[in-house]
Amino acid sequence: MDVSFLGGPGPQRGVGVVAPFDFALDRELWRWTPDDVSLHVTRTPYVPVEVSLDLARVISEHETLRDAVSTLTEVTPEVVAYACTSGSFVGGVMGEHAMCEAMSRAGSVPAVTTSGALLEALVELDVRRLALVTPYTVSVTRALEEYVAQAGVTVTGCAYMSLTRQIWKVTYREVVDMARRAAVRGRLGAADALFLSCTNLPTYDVIPQLEAELRIPVISANQVTMWAALRRLGTWAVGPYQALIDTSARTGTGTGIGTGTGSALPAAGPVVPTGSVLPEGQEPPDVRGVHGVSDAQGVPGAQGVSGVPDEKQQEGWT
């Protein structure tokens with residue numbers, strides 16, 4: 001068949017993606033990408049550090065980000081995105097703004113980060129009360145809670161896994177189990193939405209299921225990253241039955257699926273403690289074999305889960 005009469009492929013629009021060296025879910029990012037957009041992915045240099053606050057700081061240094069963005073300039077993306085949650089919240093709201101500025105200057109295009117996109121999504125969905133699921137250790141999870149607190153968001157409950165490597169191997173079953181526990185109504189009330197943190201955590205297929213079950217919007221790190229980046233292009237991410245992306249999945253009042261009790265997020269200010277984290281230096285009790293969870297006052301409410309490898313059973317609650 002002669003296809004020469006077609007004149008070649010249609011015009012290509014590009015999103016440049018800077019990912020950490022251990023990022024393994026390129027194919028998940030593509031699932032949110034419409035057909036007329038290409039992703040151009042580059043990675044930060046390898047460093048021999050496990051997932052931690054130290055790693056988050058190293059891979060988010062401005063020089064590292066500028067170098068990564070510069071490798072994308074030849075393919076002329078229209079926007080660049082830093083696809084890393086911990087790396088973009090470790091410096092707080094002001095640190096995230098500075099990262100975007102450094103990336104934008106390096107590429108002469110708009111820039112977004114995962115954590116900045118999270119706050120945009122909370123505004124879009126009118127969320128002021130948030131449940132969290134993270135694969136992180138307690139210290140990294142605490143930093144995420146402090147980050148959203150700076151934007152005036154209350155964490156109602158949180159479940160975390162204490163993983164320091166190979167997060168992309170977490171199964172959908174584990175993600176769903178942790179989400180159910182994090183979203184349990186606690187002393188601080190019900191959440192308006194649930195956030196599945198970490199761009200290395202697989203989430204695409206579980207979002208519709210969790211939204212239907214929990215009756216609140218469920219957003220994830222990769223989802224908000226692509227949603228925010230594509231908005232800069234004036235287009236929409238592809239995600240059927242995901243409330244953030246598919247407005248037909250929003251029903252009722254407020255956010256649509258949830259209650260949406262809040263209004264737009266305020267400008268960044270000082271950290272407002274949520275009371276939802278353990279004291280500095282204190283680790284949770286031994287919860288080997290347990291998916292830990294509580295409301296934000298630290299009341300455990302977990303049940304053991306069998307068949308989970310030891311490494312993934314180091315879980316806790318905040």
Any side-chain heavy atom of [X] sitting closer than 4.5 Å to one from [Y]?
| X | Y | answer |
| --- | --- | --- |
| V79 | V109 | no |
| L196 | L194 | yes |
| L25 | T203 | no |
| Q242 | P208 | yes |
| L125 | D192 | no |
| H62 | M99 | yes |
| P45 | T64 | yes |

Hey, quick one: are [X] and [Y] part of the same hydrophobic cluster, counting side-chain heavy atoms closer than 4.5 Å, chains of contacts allowed?
| X | Y | answer |
| --- | --- | --- |
| V58 | L163 | yes |
| W168 | V47 | yes |
| Y172 | L214 | yes |
| V238 | V206 | no |
| V69 | V41 | yes |

_Working for side chain to side chain contact (heavy atoms under 4.5 Å, CB included), residues V175 and V170_ = CA-CA 7 Å; V175 173; V170 173; 3.9 Å; yes
Between [X] and [Y] (side chain of the first, backbone of the second, donor and acceptor by atom type, cut-off under 3.5 Å), is there such a pair?
| X | Y | value |
| --- | --- | --- |
| S104 | C100 | no |
| Y241 | A212 | no |
| T235 | L233 | no |
| T225 | A221 | yes |
| Q150 | V93 | yes |

_Basic-acidic side-chain contact under 4.0 Å: D205, R31_ =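 Yes, this pair counts.
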Value rounded to 0.5 Å, distance of [atom1] in [X] from [atom2] in [Y]:
| X | Y | atom1 | atom2 | value |
| --- | --- | --- | --- | --- |
| N222 | D26 | CG | CG | 9.5 Å |
| R128 | T154 | CZ | OG1 | 7.5 Å |
| C158 | L132 | SG | CG | 5.0 Å |
| L65 | S88 | CG | OG | 9.5 Å |
| M178 | L210 | CE | CG | 12.5 Å |
| L230 | I245 | CG | CD1 | 8.5 Å |

*Check each of I59, V17, V112 against Y82 using the side-chain contact (heavy atoms from CB on, under 4.5 Å) test, and report the only one that passes.*
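Single pass found, and it is I59.
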_CZ (F21) with more than 12 external heavy atoms under 6.0 Å_ = yes
Would you list the pairs meeting salt bridge (Lys or Arg N to Asp or Glu O under 4.0 Å) in which at least one residue belongs to [range], sequence neighbours left out?
| range | value |
| --- | --- |
| residues 229-247 | E120-R231, E120-R232, E124-R231 |
| residues 85-103 | none |
| residues 72-81 | R13-E78 |

What's the shortest heavy-atom distance between [X] and [Y], and which atoms?
| X | Y | value |
| --- | --- | --- |
| A193 | I216 | C-CD1, 3.8 Å |
| S52 | V49 | OG-CG1, 3.8 Å |
| G16 | P77 | N-CB, 3.4 Å |
| P20 | T44 | CA-OG1, 3.4 Å |
| T141 | Y160 | OG1-CB, 3.5 Å |
| A183 | A131 | CA-CB, 4.2 Å |

*Applying side chain to side chain contact (heavy atoms under 4.5 Å, CB included), run through R142 and S139 and close with a yes or a no.*
CA-CA 5 Å; R142 181 188 296 117; S139 59; 4.1 Å; yes
*Relative to the ring of Y147, is the ring of F89 parallel (under 30°), tilted (30 to 60°) or perpendicular (over 60°)?*
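It falls in the tilted class, 30° to 60°.
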*For R173, salt bridge (charged side-chain N to carboxylate O under 4.0 Å, His left out) partners two or more places apart*: none
_Where at least one partner belongs to residues 185-204, residue pairs that pass ring pair (Phe, Tyr, Trp, His ring centres under 6.0 Å), sequence neighbours excluded_ =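 Residue pairs with at least one partner in residues 185-204: W32-Y204.
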*Before giving the answer on side chain to side chain contact (heavy atoms under 4.5 Å, CB included), spell out for N200 and F23 the whole-Å C-alpha distance, their side-chain angles and the decisive distance to 0.1 Å.*
CA-CA 6 Å; N200 245 342; F23 181 67; 3.9 Å; yes
*Side chains of T85 and T114: donor-acceptor distance under 3.5 Å anywhere?*
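On atom types as modelled, these side chains do not qualify, holding no pair under 3.5 Å.
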*Donor-acceptor pair between S197 and T134 side chains, under 3.5 angstrom*: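 There is no such pair between these side chains.
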_One pair to check against side chain to side chain contact (heavy atoms under 4.5 Å, CB included): V18 and L72. What are the steps and the verdict?_
CA-CA 9 Å; V18 177; L72 299 169; 4.3 Å; yes
Ignoring hydrogens and angles, write down the donor-acceptor pairs under 3.5 Å from the side chains of residues 33-40, residues two or more places apart or on other chains.
from, atom 1, to, atom 2, distance (Å)
T33, OG1, L29, O, 3.0
S38, OG, Q12, OE1, 3.0

